[in-house]
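Structure incoming, see below.
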Amino acid sequence: LEAAVADDRLGRNPLAGVKPPKVDRRQMRALTHEEVATLAQEVGPRHRAFVLVAAYCGLRAGELRALRRSNVDLLRRTMAITEQLSDQAGGGFAVVPLKTSSSRRSVALPGVVMQALDEHLGAFVGPEADSLLFTSVDGSPLRLENFRRRVWEPACRRAGIGHLRIHDLRHTCASLAIAAGA
C-alpha cells in the first residue's frame, strides 16, 4: 500500500499505523536418526520412501510431490530436483518452477534412501518415465492436506513424535548433516 501511495495510485495508506497481529510460529523440530526410522516405519510402506527422502535429502514438500521416475538415477545414486507441484484453487494441481533458480539441483542419495526408493519404484510407481514417485492410493498426486490428516499426523502420533510439520524433515536433514560434520 505504501508503494501505491508513492506511485499516486492511493491518496493515503488505509493501514498506516495499524500493527499486524503476531503470528504464533511453532518451533522448528529436527528428528534424530532413530526418530526418522520410527516415523518411516509408522507411515507405512507406501510413504516410507517419502519420509526418508525428505529427512535425508532435504526436499520441500512441493519438490517431493513433483518427483518423477525420470528424476531418480539409482546407478549414479542421485536425484534431480527440477520442479515442484502446487495445489491450485478449485482442487487442481500445477507443476510450477522451483522457488529459486538455485533450487534446481542434483541431490546425492544415501544408502538407506537408495534402498527405500528402489523398493518404492518397484511397488508403487508406474513404469513410465513421467510417473510421479509419491501419489495417493488411487495414483493421483498427493494432496498435502489429505496426506497430513490421513497419513502424517496419525503416523507421528504412533511414532511418539507429537506435532511435526512435513517441512521439519527439511530441518532434520540440515541438522543431521551438521551433526555429521558438514
Salt bridge between Arg105 and Glu63, side-chain N to carboxylate O under 4.0 Å?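 Answer for the salt bridge query: yes.
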For Val51 versus Leu169, what's the shortest heavy-atom pair and its separation?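 The pair with the smallest heavy-atom distance is O-CD1, 3.9 Å.
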Strictly below 4.0 Å, N to O, side chains only: are Arg157 and Glu42 in salt-bridge contact? no
Quick check: is Ile166 connected to Phe93 through a chain of hydrophobic side chains (ILVMFWY, heavy atoms under 4.5 Å apart)?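 No: no chain of side-chain contacts under 4.5 Å links Phe93 to Ile166.
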In the structure I gave you, are the side-chain heavy atoms of Met79 and Val53 within less than 4.5 Å of one another anywhere? yes
Walk me through it: do Ser103 and Thr100 pass the test side chain to side chain donor-acceptor pair (under 3.5 Å)? CA-CA 5 Å; Ser103 294; Thr100 65; 2.9 Å; yes
Can a donor-acceptor pair be found, under 3.5 Å and without considering hydrogens, that links the side chain of His120 to the backbone of Arg48?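 Not a single qualifying donor-acceptor pair exists.
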Test of ring centre spacing under 6.0 Å for His33 and Tyr56: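 They qualify: ring centres under 6.0 Å apart.
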Any side-chain heavy-atom pair from His167 and Met28 closer than 4.5 angstrom?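 Not in contact.
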Using modelled atom types only, decide if a donor and an acceptor are shared between the side chain of Thr172 and the backbone of Ala55 within a distance under 3.5 Å. no
Does Arg46 reach the main-chain N or O of Thr135 with its side chain, forming a donor-acceptor pair under 3.5 Å? yes
CD of Glu119: more than 12 outside heavy atoms within 6.0 angstrom? yes
Does one side chain, of Glu128 or Ser131, offer a donor that lies under 3.5 Å from an acceptor on the other?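 Note: Glu128 and Ser131 side chains meet the donor-acceptor criterion.
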Would you confirm whether Arg65, through its side chain, and Leu142, through its main-chain N or O, come within 3.5 Å as a donor-acceptor pair?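 Yes, the answer is positive, given that a donor and an acceptor are paired below the 3.5 Å cut-off.
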Quick one, Leu39 with Leu31, criterion side-chain contact (heavy atoms from CB on, under 4.5 Å). Give me CA distance, side-chain angles, the key distance, then yes/no. CA-CA 10 Å; Leu39 180 58; Leu31 302 182; 4.1 Å; yes
Set out, in order, the CA-CA distance, both residues' side-chain angles and the distance that settles side-chain contact (heavy atoms from CB on, under 4.5 Å) for Thr38 and Glu35, then state yes or no. CA-CA 5 Å; Thr38 301; Glu35 289 172 321; 5.6 Å; no
Has Arg60 got a side-chain atom pairing as donor or acceptor with Lys99's backbone, closer than 3.5 angstrom?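 It does not hold such a pair.
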Would you mind reporting whether Leu132 and Val125 have side-chain heavy atoms less than 4.5 Å apart?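 SC-SC contact between Val125 and Leu132 ruled out.
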Check: Ser140 main-chain N/O paired with Asp138 side-chain donor or acceptor under 3.5 Å: yes
Is there side-chain contact between Phe134 and Pro141, with at least one heavy-atom pair below 4.5 Å? no
When you compare the side chain of Val72 with that of Leu67, does any pair of heavy atoms fall below 4.5 Å?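 Not in contact.
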When you compare the side chain of Val107 with that of Thr78, does any pair of heavy atoms fall below 4.5 Å? no
Judged by atom type as modelled, is there a donor-acceptor pair below 3.5 Å linking the side chain of Trp152 to the main-chain atoms of Asn146? no
Check the pair Leu121, Arg69 against side-chain contact (heavy atoms from CB on, under 4.5 Å), reporting the backbone distance first and the verdict last. CA-CA 8 Å; Leu121 287 165; Arg69 179 179 279 278; 4.0 Å; yes
Approximate separation, where rounding is to 0.5 Å, of Ile81 CD1 and Arg104 CZ: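 Separation between the atoms: 10.5 Å.
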Under a 4.5 Å cut-off applied to non-hydrogen side-chain atoms, are Met114 and Leu117 in contact?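 The answer is no, as the side chains (C-beta and beyond) never meet within the 4.5 Å cut-off.
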If we ignore hydrogens and angles and just use 3.5 Å, is the side chain of Asn71 paired with the main-chain N or O of Ala80 as donor and acceptor?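 A pair under 3.5 Å: yes.
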Taking the six-membered ring for Trp, is the centroid-to-centroid distance between Phe147 and His47 below 6.0 Å? yes
